[in-house]
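The structure appears below as structure tokens.
Remember, it's a predicted structure, so these values are computed and weren't measured experimentally.
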Amino acid sequence: MTVRRGDKLHISIQEHMAINVCPGPIRPIQQISDYFPRYTPWPERTPSPTGNPHNLSPLVISPGGAQTTDDSADVDNYDSDDSTALGTLEFDLLYEPEQCRLQCCILRAKGLKPMDFNGLADPYVKIHLLPGACKANKLKTRIVRNSLNPTWNESLTYCGITQEDMGKKILRISVCDEDKLSHNEFIGETRVPLRRLKPGERKHFNLCLERQIPLASPSSMTAALRGISCYLKELERCQEWELEERGRIFLALTYNTERGGLVVGIMRCAHLAAMDVNGFSDPYVKTYLKPDVEKKSKHKTVVKKKTLNPEFNEEFFYNISQLELQKRSLEVTVWDYDLGKSNDFIGGVTFGMSSKGECLKQWMDCLSSPNKRTEQWHTLTNELPGSTYAD
């Protein structure tokens, strides 16, 4: 093609991109196995499909140790092994059945995954019991700044843990990284079924942290399976909502034959759900002896300000015969006091012949053993009795 003087040379984009791109014949890229003769799939003297790798010498260890074929080259790479990628956590657990108390001593963590730009993390540990409302029973340690091997040596205690809880509850222990500019980041977790603990015996754990279990991918399921999966998830959420735990309450019941009535002792509550924006509640307790159409059986404790573990130590008396008491039911509810608006319901329990579990057991012990004081921890649920109201 001839170009006259003064004419502009037009070059297509295809021709422009092809200039000086292919200076010679394209050679195949050497495979990684070419550098390791012991892994070559062809005979020693047969040329490989990609050239002549046998003329290549294996990697040589330099005096500075910069390159090596040893397997320990990636020991500091936290993504090289899933079982130790997130670090390990060391802690002790002790269950004291007489006090209904579970002690969790968080000792230390090692080799945590770096979460910050400086290659470190600001880790802390939070624990809660499953199943149950996470916010109601969550406990956490202090934050250790700029460390991948933090030491806490902190003791976190759950009160009101019964033998029944020990058989069905699971302790979830999570390690997180605090981030002041955004949400805190999850590092890893471990879960311990409480049935593994022996009453009164301290047990030591040193476990690898694990990632949260991912849900099944919707793309890997058929339409029918996706529909069933969504239905089961919604059903599970509904069941969890119905059985949501809002804390614990410690009650004492006594039928006093001398006074001719029922003595109800409101001792304390533990790990109540936070109902206010400050992360606390202003709890108080109400009791009713049902049926009570005119609501004359109401008793109410004082309000404890800004606490999730209030101590009341108050007693209420109901003048009623033992025979009539068998036809009644006792409702105990916990409320959060709000000035100038409706009070928030936290949780409640009901004692009567139609109750179940620990509530029925304590009620039967009270009726069958007059003048004997029975004390028991109970789980508060979010089920609001039909005739209960806040006042």
Side-chain angles (χ1 to χ4, degrees), residues 88-109 125-134 136-141 152-175 189-210 243-254 265-273 308-313 332 334 347 349 351 355-366 368-369 372-381:
T88 60
L89 181 65
E90 193 173 351
F91 57 95
D92 292 339
L93 297 179
L94 172 63
Y95 176 62
E96 300 173 303
E98 296 180 356
Q99 292 81 15
C100 293
R101 187 166 56 193
L102 176 64
Q103 291 187 3
C104 311
C105 184
I106 309 298
L107 300 176
R108 63 188 64 86
V125 177
K126 63 179 182 180
I127 64 176
H128 62 268
L129 294 172
L130 300 174
C134 299
N137 59 45
K138 181 180 71 174
L139 301 176
K140 66 179 183 178
T141 66
W152 290 283
N153 289 327
E154 289 190 39
S155 182
L156 307 177
T157 303
Y158 281 108
C159 297
I161 305 299
T162 62
Q163 292 282 1
E164 182 180 359
D165 294 327
M166 297 297 293
K168 64 181 183 180
K169 293 284 187 179
I170 296 176
L171 181 67
R172 181 191 180 192
I173 307 177
S174 307
V175 181
E189 69 172 28
T190 184
R191 303 189 181 193
V192 179
L194 297 185
R195 61 177 179 270
R196 295 177 56 183
L197 303 180
K198 295 182 179 180
E201 182 177 325
R202 183 178 297 273
K203 187 173 180 63
H204 181 75
F205 294 87
N206 189 6
L207 303 177
C208 292
L209 297 176
E210 300 176 353
L243 300 176
E244 182 182 352
E245 295 183 6
R246 297 293 187 88
R248 301 297 176 94
I249 187 169
F250 188 48
L251 298 175
L253 298 179
T254 308
I266 310 297
M267 310 307 295
R268 59 180 298 194
C269 295
H271 315 301
L272 295 179
L308 301 180
N309 300 280
E311 293 190 10
F312 299 100
N313 294 321
V332 181
V334 183
V349 291
F351 299 87
S355 301
K356 298 179 180 179
E358 297 293 338
C359 293
L360 178 61
K361 181 178 180 299
Q362 187 175 10
W363 186 252
M364 295 300 296
D365 291 342
C366 176
S368 60
S369 303
K372 180 181 178 181
R373 181 183 177 92
T374 61
E375 298 178 345
Q376 183 68 44
W377 282 96
H378 298 281
T379 301
L380 297 171
T381 64

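From Leu194, atom CG reaches atom CG of Asp165 across 8.0 Å, with rounding to the nearest 0.5 Å. Atom CD of residue Glu96 and atom CZ of residue Arg202 lie 8.0 Å apart, to the nearest 0.5 angstrom. Atom CD of Glu358 sits about 9.5 Å away from atom CD of Gln163, to the nearest 0.5 Å.
Judged as a salt bridge (Lys or Arg N to Asp or Glu O under 4.0 Å), and not counting sequence neighbours, the contacts of Asp365 are Lys361. Residues that satisfy the side-chain contact (heavy atoms from CB on, under 4.5 Å) test with Leu107, not counting sequence neighbours, are Glu90, Asp92, Cys105, Asn153, His204. The side-chain contact (heavy atoms from CB on, under 4.5 Å) check on Glu210 picks up nothing, with sequence neighbours excluded. Every residue meeting the side-chain contact (heavy atoms from CB on, under 4.5 Å) condition with Ser369, not counting sequence neighbours, appears here in chain and number order: Lys372. In this structure Lys126 satisfies the side-chain hydrogen bond (donor to acceptor under 3.5 Å, both in side chains) test with no other residue, sequence neighbours excluded. Residues passing the salt bridge (Lys or Arg N to Asp or Glu O under 4.0 Å) test with Lys168 are Glu164, sequence neighbours excluded. With sequence neighbours left out, the ring-ring contact (aromatic ring centres under 6.0 Å, His included) criterion links Phe250 to Trp377. In terms of the salt bridge (Lys or Arg N to Asp or Glu O under 4.0 Å) criterion, residue partners of Arg373 (sequence neighbours excluded) are, by chain and number, Glu315, Glu375. The side-chain hydrogen bond (donor to acceptor under 3.5 Å, both in side chains) check on Thr190 picks up nothing, with sequence neighbours excluded. Residues satisfying the side-chain contact (heavy atoms from CB on, under 4.5 Å) criterion with Lys203, sequence neighbours excluded, are Arg196, Leu197, Phe205. By the side-chain hydrogen bond (donor to acceptor under 3.5 Å, both in side chains) test, Ser355 pairs with no residue at all, sequence neighbours left out. For Glu311, the side-chain hydrogen bond (donor to acceptor under 3.5 Å, both in side chains) criterion is met by no residue, not counting sequence neighbours.
Put simply, the side chain of Leu207 reaches to within 4.5 Å of the side chain of Val192, judged on heavy atoms. Contact of the Ile266 side chain with the Leu251 side chain is registered, since non-hydrogen atoms from C-beta on lie closer than 4.5 Å. In this structure the side chain of Pro199 never reaches within 4.5 angstrom of the side chain of Met166, judged on heavy atoms. Annotation: side chain of Thr379 is not in contact with side chain of Val349 (no heavy-atom distance under 4.5 Å).
His271 places no side-chain N or O within 3.5 Å of a backbone atom of Arg248 that could act as its donor or acceptor partner. The backbone N or O of Thr374 lies less than 3.5 Å from a partner atom in the side chain of Gln362, making a donor-acceptor pair.
Pairing each heavy atom of Gln376 with each of Thr162, the nearest pair is NE2-CG2, 3.5 Å. Taking both residues in full, the closest heavy atoms of Arg172 and Ser174 are given as NE-OG, 3.4 Å, listed atom of the first, atom of the second, then distance. Shown here for Leu308 and Ala273, the closest heavy-atom pair between the two residues is CD2-O, 3.9 Å. Of all non-hydrogen atoms in Gly200 and Leu94, the two that sit nearest each other are C-CD1, 3.7 Å. Summarising the geometry of Tyr95 relative to Ile161, their closest heavy-atom pair is OH-O, 2.8 Å, with the distance given to 0.1 Å. Counting all heavy atoms, side chain and backbone alike, Tyr158 lies closest to Leu171 at CE1-CD1, 4.1 Å.
Sparse packing is recorded around CE of Met364, with 12 or fewer heavy atoms of other residues, nucleotides or ligands lying under 6.0 Å away.
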Met267 and Asn313: CA distance, side-chain angles, deciding distance, side chain to side chain contact (heavy atoms under 4.5 Å, CB included) verdict:
CA-CA 4 Å; Met267 310 307 295; Asn313 294 321; 3.5 Å; yes

